[in-house]
Every structure is written in structure tokens, then in C-alpha cells.
Amino acid sequence: MADQAFFDAMEARIPKGQVRTRFAPSPTGYMHVGNLRTALYTWLIARSKGGVFILRIEDTDQGRLVEGAADVIYKTLAQCHLTHDEGPDVGGPVGPYIQTERRDLYGKYAQLLLEKGAAYRCFCSKEDAENVDVSDGVQVHQYDGRCSRLTPAEIAEKLAAGLPFVIRQKIPRTGTTTFHDAIFGDITVENSSLDDQVLIKSDGLPTYNFANVVDDHLMGITHVVRGSEYLSSAPKYNLLYESFGWEIPTYVHCSPVMRDAQNKMSKRHGDPSYEDLLAQGYLTDAVLNYVALLGWSPRGEIAEQEIFSLDELVKAFDIGGISKSPAIFDIAKLEHFNALYLRALSPEEFCAVATPYIRQAVENPAYDVAEIAALLQARCEKLTDIPEKLGFFDALPAYDVAYYVNKKSKTDEAISLAMLNAAVPLLEALPAWTAEAIHDGLMELAAKLEVKNATLMWPVRIAAAGCLVTPGGAVEICHILGRDETLRRLKIGQTLLSK
RNA sequence: GGCCCGUUGGUCAAGAGGUUAAGACACGGCCCUUUCACGGCUGUAACGUGGGUUCAAUUCCCGCACGGGUCACCA
């Protein structure tokens with residue numbers, strides 16, 4: 001018999017009068033971009049309504065357990081500042097927060113459903129239960145419900161014989177079910193199109209379909225945020241809530257994040273996960289900001305705003321701004337966001353995040369990392385762009401004299417040689433090797449020679465760096481290189497140009 | 001295939017029964033400049049389609065096309 005006292009005690013634990021949302025990933029070992037967005041929206045709904053954000057681990061599929069996967073989830077949420085108020089690691093009033101630790105509880109609620117006549121034991125093997133209808137090569141499963149017609153005597157007999165069974169939801173054969181979704185509105189389906197889905201598997205563990213309903217209710221979840229792939233199961237969940245007599249939460253079904261017009265982002269196709277994006281040189285804040293806008297847009301007077309801190313998102317977020325159609329992930333736009341975030345960092349912060357990448361390319365300890373970082377900050381879109389820009393510091397590349405020819409700067413090989421011939425003695429004689437001194441000295445020289453600044457700067461920069469494109473101009477590069485190295489390189493330039 | 005959902009420039013998207021149909025990214029051009037970049041200015045580019053309803057439809061309704069989701073003892 002159902003244990004009424006137990007149910008009453010469970011009901012008594014449920015916090016009332018607050019918005020409660022939950023992020024409920026199954027531990028797969030990495031965070032999809034789509035998952036991250038769901039977590040973000042779920043967190044935002046809670047925070048924007050002064051509510052509670054809960055983390056629940058859905059690990060009922062024993063075949064797919066991944067070692068250490070829960071840690072990835074904790075770590076990602078923490079890195080993204082999506083802090084949870086309740087969860088396996090922090091506890092809370094309605095735990096445990098890991099489904100396998102709630103195992104016994106699902107059985108009790110399934111028993112309750114059995115007694116209410118809203119579920120039944122099914123002794124069919126997986127194969128027997130399959131009523132596969134092949135149309136156009138598509139397999140369609142729908143259980144025919146034969147075990148729902150077993151007599152009590154037959155059930156007792158099979159139970160006594162120790163036959164394994166699952167518990168299935170008993171769906172009405174007629175009528176329709178309507179549910180409401182905050183994004184999609186009212187959706188109505190024929191009950192006859194709904195399958196008598198399995199609630200409790202033969203291993204005794206609940207399916208997702210059952211566990212999420214029971215847990216969402218027992219945890220007092222007010223807004224159920226999940227991917228739109230659950231839209232077609234929602235009517236069955238409604239029926240379950242109704243059978244229990246529970247209040248139906250607000251559903252928020254989010255459309256997927258796509259890699260292109262027809263495929264979801266997926267690890268299998270080589271699409272980046274959150275961890276991958278970090279490894280590719282993107283900043284967490286930029287990823288969050290970009291992902292927030294993939295499928296949600298601000299309305300009203302801030303409709304044009306694109307850059308949002310997490311706090312600003314909390315203030316601006318509303319469920320009504322979530323879009324119904326899938327959004328294609330555009331790495332180019334993420335890059336743009338990332339570039340903006342890199343530039344918004346203080347020089348010290350930027351230097352801190354950039355240093356490892358600078359050191360990949362620049363090993364010479366004589367070169368000032370902070371000074372290099374300062375050049376880079378406005379010139380890279382992601383941190384992994386950095387090393388390739390700095391190759392010339394440690395070793396002057398073998399370059400083509402044609403680099404000295406630049407129409408816009410009005411230089412060619414002969415002019416460049418003249419410029420270097422004038423610049424070398426000047427730099428040699430400079431009293432102090434400061435950026436100001438180099439700059440002023442060269443500018444005065446250009447004035448004295450009656451040439452455009454660029455006419456002098458171009459060959460100096462080419463000789464110093466040996467490449468066409470450099471982070472920063474001649475002055476900055478010479479200063480970082482130091483006087484000796486600069487002069488050594490300019491003399492190499494003179495030699496090259498003299499041939 | 002059944003059921004459900006969606007469809008504004010290449011991408012993210014705002015928008016409302018009457019607008020020159022925003023903005024951002026990308027792309028092109030120009031300016032600035034000590035290269036590249038940054039910054040500034042500017043340009044190309046969109047309401048899937050056929051029927052209704054209406055004085056008026058991209059906006060509302062229906063069909064179609066296309067795309068997605070789902071139809072597991074996976075979540």
C-alpha cells in the first residue's frame with residue numbers, strides 16, 4: 001500500500017512562494033553549447049525573479065555513466081558564475097539531488113499511480129512490447145497496452161512467478177490533452193497519439209520521463225526549462241501531473257542551437273563544447289554573452305544593446321524574448337564578441353590571460369611581456385591568435401627585400417636604404433632607449449629629411465621585424481627589441497638593401 | 001509516414017495590419033594612420049509560396065513547400 005505519511009512528509013518539504021528553477025543535465029563529461037545556454041536561461045529566470053536555482057544530476061541511465069562527469073558540470077557552472085543555491089555539492093531542503101540516490105522514492109510514487117489506476121505493470125519483454133510499424137522505412141513504436149487489461153489474478157500470478165516487469169503510464173485512449181508553453185503557447189494533441197510510456201524500467205530505475213515529473217514536483221520547481229525535443233512528451237507529463245493531482249509548472253521549451261540549417265551542434269560532428277571554446281582562446285564572459293543572444297533578444301529601450309554583463313542580463317532577461325526558431329551558431333560573431341571583451345579588459349587583466357600565449361612564441365626573457373601584451377590587446381580576436389603574431393621577436397625571419405616597397409608610405413628599396421642609413425646613427429646616438437626618445441628622434445629625423453613619417457617608419461619597421469604585418473609600429477617594436485638587437489637588425493636591412 | 005513546431009538579408013535578430021522593414025556580425029568602399037588592427041563614415045543584401053480576410057498584409061486565417069523535433073526499459 002502507498003505510504004501516505006511518506007508522501008505527506010515529502011510534500012511538507014517543498015518550499016512555497018518562490019520561483020525555483022533547475023538545471024538537470026545528465027553527466028556526459030562536457031558541456032554542449034546548447035546545454036550551456038539552457039543552464040544560462042534557467043539561471044537567469046531564477047535570478048531575474050529573485051528565485052532559487054537548483055542543480056540536479058540526471059544519471060538514471062546506467063549504461064551511459066561517465067567517470068568524473070559531474071565535476072565538469074560543477075566546474076563549468078562555477079566558471080560561468082551560474083551559481084546554484086541547491087545541489088548535490090551544496091545540499092538543500094529537497095535532496096538528494098542525484099537521481100540514483102532517489103531511487104526508492106520513484107518506486108513509491110509509481111506504486112501510488114498503480115493504485116490510482118493511472119499506471120500498470122507490463123510483463124512484456126522489450127521485444128514483445130514492440131509494435132513496430134514500418135512506413136517509408138521509418139520505425140514507429142507504440143505499445144498496444146495489452147498488459148493494462150490483465151486481471152488482478154493474472155497479475156498476481158506473474159508476480160508470484162517472479163517475472164520481470166516495467167511500469168507503464170496508462171494514457172486515455174480518447175480525447176485530447178492541451179498544455180501551455182511559455183514560448184510556444186498552447187499545444188493540443190490527440191491522446192491516441194500518445195504512447196503508454198515506461199515509467200519504471202525493469203532494473204527498478206525510473207525513466208527520465210517519470211523521474212523529471214516526480215523530481216520537479218518534489219523540488220518545487222516552478223519553471224521547467226529544457227530543450228524543445230521534450231515538447232512532444234509534454235502532454236504525457238501533463239497527464240502525469242494530473243494523475244498525481246499536482247500543480248503543473250510553467251514549461252519553457254527552448255529551440256536548439258544549430259551548427260547549420262539542418263543539424264544541431266554536436267560533439268560528434270566536431271562542434272566545439274564550452275571547454276573547446278575556452279581552449280580555442282575565447283573568454284567565458286564573451287561566450288556567455290554571445291550564447292545569451294543566440295535565441296534570446298532584449299526588448300524595449302535596450303533592444304539594441306548587445307553587450308551584457310551577467311548582472312545586466314539578470315535585469316534585462318524575460319522569457320518573452322526567447323525565440324521559437326532554432327539559431328545557427330556563428331563562430332565569427334563569437335569572435336567579434338570575444339574581441340570586444342578582450343579590449344574591455346584592463347591592461348593587467350589582459351596581460352595575465354595573454355602571457356601564456358605570448359610565452360608560446362616569445363621565449364627570450366629580455367623582452368617585456370607586458371609591453372608586448374599592450375600591443376596585442378586591440379589586435380587579437382582570440383587568445384590563440386597571439387603566438388603567430390610574435391614569431392619575429394625571438395628570431396628575425398628571412399624576408400624579401402620587396403617588403404621595403406610600399407606605395408602608400410612612398411618607399412622603395414633605394415629610399416629605404418637611405419632611411420636606414422639615416423636612422424642607424426640616430427638610434428645609436430640616442431641618449432636613452434625609451435619609446436618616447438625613439439619616437440621623437442625618428443619624427444625629428446623625418447622632418448629633417450623632409451619625408452612623410454611613414455616613409456621613414458616603414459623601412460625601420462620592416463628591418464626590425466622582417467615581416468609585413470606586425471602588432472604595433474616601428475617605435476614599439478624597436479623599444480621591445482632593445483637597442484642592440486634593433487641596430488643589429490637594421491644593419492642587416494642595410495646590407496640586404498645594398499646588394 | 002503520423003503528430004507537433006518553425007520560416008524577416010549569408011548569420012543573429014527588432015518590428016508592427018499602413019514603417020524609407022531597425023541594429024549587430026560577415027562582406028565591399030572611403031577616411032584616419034607608422035604596417036596590420038582599432039576607431040569613424042558608408043554601401044550591397046531580407047519578410048519561403050499560393051489563396052483568402054481587409055481600403056490596406058511581411059504582420060491575421062487556410063493550403064503548399066522547405067526545415068526541425070518526436071514516435072526507446074536515452075535523456
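Model, not experiment: these values are computed from the prediction. The figures that follow rest on heavy atoms only: side chains count, while hydrogens, waters and symmetry mates do not. Protein chains get the first letters and strands the later ones, always in sequence-line order, with residue 1 at the start of each.
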- request: Classify the side-chain pair A:Asp196/A:Tyr120 by whether it contains a donor and acceptor separated by less than 3.5 Å.
  value: yes
- prompt: For every nucleotide of nucleotides 10-15 of chain B, 5' to 3': is a protein heavy atom under 4.0 Å from its base (B), only from its sugar-phosphate (S), or from neither (-)?
  reply: -SBSS-
- prompt: For the pair made of CZ in A:Phe337 and C1' in B:A26, what is the distance, rounded to whole Å?
  reply: 13 Å
- request: With heavy atoms under 4.0 Å as the rule, sort A:Tyr230 into base, sugar-phosphate or nothing.
  value: base
message: With rounding to the closest Å, how many angstrom separate the P atoms on B:C55 and B:C64?
response: 28 Å
query: A:Ala378: what forms a side-chain contact (heavy atoms from CB on, under 4.5 Å) with it, not counting sequence neighbours?
result: A:Arg343
- line: note: A:Arg259, atom CZ; B:G68, atom P; distance rounded to Å ~ 13 Å
field: Polar contact flag, side-chain donor to acceptor under 3.5 angstrom, A:Asp59-A:Thr100
entry: yes
query: Just by distance, with hydrogens left out, do A:Asn406 and A:Thr411 show a side-chain donor and acceptor under 3.5 Å apart?
result: no
- line: Whole-Å distance, A:Asn191 CG to B:G2 C1', equals 16 Å
- line: Among the nucleotides B:C3, B:A75, B:A24, whichever has the atom closest to the side chain of A:Thr207 is B:A75
task: Please measure how far the C1' atom in B:G40 lies from the corresponding atom in B:A57, and state the result in whole Å.
output: 39 Å
- request: Starting from Watson-Crick (N1-N3 plus N6-O4 or O6-N4) and G-U wobble pairs under 3.5 Å, report the runs of at least three that RNA chain B belongs to.
  value: B:1-7 with B:65-71, B:10-12 with B:23-25, B:27-31 with B:39-43, B:48-52 with B:60-64
query: Within the modelled atom types, does a donor on one side and an acceptor on the other bring the side chain of A:Ser232 and the base of B:C3 under 3.5 Å apart?
result: no
task: Figure out the CD/P separation between A:Gln197 and B:C71, and round it to whole Å.
output: 10 Å
- prompt: Considering only the P atoms, how many Å lie between B:U53 and B:U42, rounded to the nearest integer?
  reply: 44 Å
- request: Identify, with sequence neighbours excluded, every residue that meets salt bridge (Lys or Arg N to Asp or Glu O under 4.0 Å) alongside A:Arg259.
  value: A:Asp271
field: For A:Glu306, side-chain contact (heavy atoms from CB on, under 4.5 Å) partners two or more places apart
entry: A:Leu293, A:Lys333, A:Phe337
query: Can a donor-acceptor pair be found between the side chains of A:Asp215 and A:Gln99 at a distance below 3.5 Å?
result: yes
- request: Looking at every strand, decide which applies to A:Val198 at a 4.0 Å heavy-atom threshold: base, sugar-phosphate, or nothing.
  value: sugar-phosphate
message: Return whichever of A:Ser255 or A:Gly473 has its heavy-atom-nearest nucleotide of RNA chain B closer to the 5' end.
response: A:Ser255
- line: Across all chains, not counting sequence neighbours, the salt bridge (Lys or Arg N to Asp or Glu O under 4.0 Å) partners of A:Arg379 are none
query: Just how far, in rounded Å, is C1' of B:C5 from CD1 of A:Ile187?
result: 7 Å
field: Atom C1', compared across B:A26 and B:A45: separation rounded to whole Å
entry: 12 Å
- line: ring pair (Phe, Tyr, Trp, His ring centres under 6.0 Å) filter on A:His217, not counting sequence neighbours, yields A:Trp246
Phosphate OP1/OP2 of B:C4: any A:Lys236 side-chain N/O under 4.0 Å: no
message: Nearest to the side chain of A:Ala332, heavy atoms from C-beta on, is which of B:G69, B:C3, B:C25?
response: B:C25
Side-chain donor-acceptor distances from residues 319-330 of chain A under 3.5 Å, at least two apart:
from     : atom 1 : to       : atom 2 : distance (Å)
A:Ser323 : OG     : A:Ser325 : N      : 3.4
A:Ser323 : OG     : A:Ser325 : O      : 3.3
A:Asp330 : OD1    : A:Ala332 : N      : 3.2

query: Do A:Tyr208 and A:Tyr230 have ring centres separated by under 6.0 Å?
result: yes
task: Write down the distance between CD1 (A:Ile183) and P (B:G69), rounded to a whole number of angstrom.
output: 17 Å
field: Closest nucleotide among B:C3, B:A75, B:C73 to the A:Ser26 side chain
entry: B:A75
message: For A:Asp318, give me all partners under side-chain contact (heavy atoms from CB on, under 4.5 Å), at least two apart in sequence or on another chain.
response: A:Trp296, A:Arg299
- prompt: Choosing from B:G1, B:G67, B:A75, which nucleotide comes nearest the side chain of A:Gln262?
  reply: B:G67
- line: Numerically ordered, the residues 450-465 of chain A set in heavy-atom contact under 4.0 Å with RNA chain B is A:Asn453, A:Ala454, A:Met457, A:Trp458, A:Arg461
Taking only N/O atoms, report every protein-nucleotides 36-43 of chain B pair under 3.5 Å with atom names and distance.
from  : atom 1 : to       : atom 2 : distance (Å)
B:C36 : N3     : A:Arg379 : NH1    : 2.5
B:C36 : N4     : A:Arg379 : NH1    : 3.2
B:A37 : O2'    : A:Ala378 : O      : 3.2

- request: Rounded off to whole Å, could you give me the CE-to-C1' distance for the A:Met258 and B:C5 pair?
  value: 13 Å
B:U59 to B:G17 separation - P atoms, rounded to the nearest Å: 12 Å
field: Ring-face cation contact, A:Phe165 with A:Lys158, 6.0 Å cut, 45° max
entry: no
query: Say you pick atom C1' in B:U7 and the same atom in B:G63; how far apart are they, in whole Å?
result: 16 Å
task: Determine whether more than 12 heavy atoms belonging to other residues, nucleotides or ligands lie under 6.0 Å from atom NZ of A:Lys382.
output: yes
field: Whole-angstrom distance between B:G52 and B:U11, as gauged at atom C1'
entry: 34 Å
field: Residues in side-chain contact (heavy atoms from CB on, under 4.5 Å) contact with A:Arg103, at least two apart in sequence or another chain
entry: A:Leu205
task: Could you measure between the two C1' atoms, the one in B:C25 and the one in B:G51, and give it in whole Å?
output: 37 Å
- prompt: Which whole-number value in Å describes the distance from A:Glu229 CD to B:G6 P?
  reply: 16 Å
Side chains of A:Asn289 and A:Ile307 in contact at under 4.5 Å (non-hydrogen atoms): yes
task: May I ask you to say what A:Glu304 touches in the nucleic acid, namely base, sugar-phosphate or nothing, with a heavy-atom cut-off under 4.0 Å?
output: base
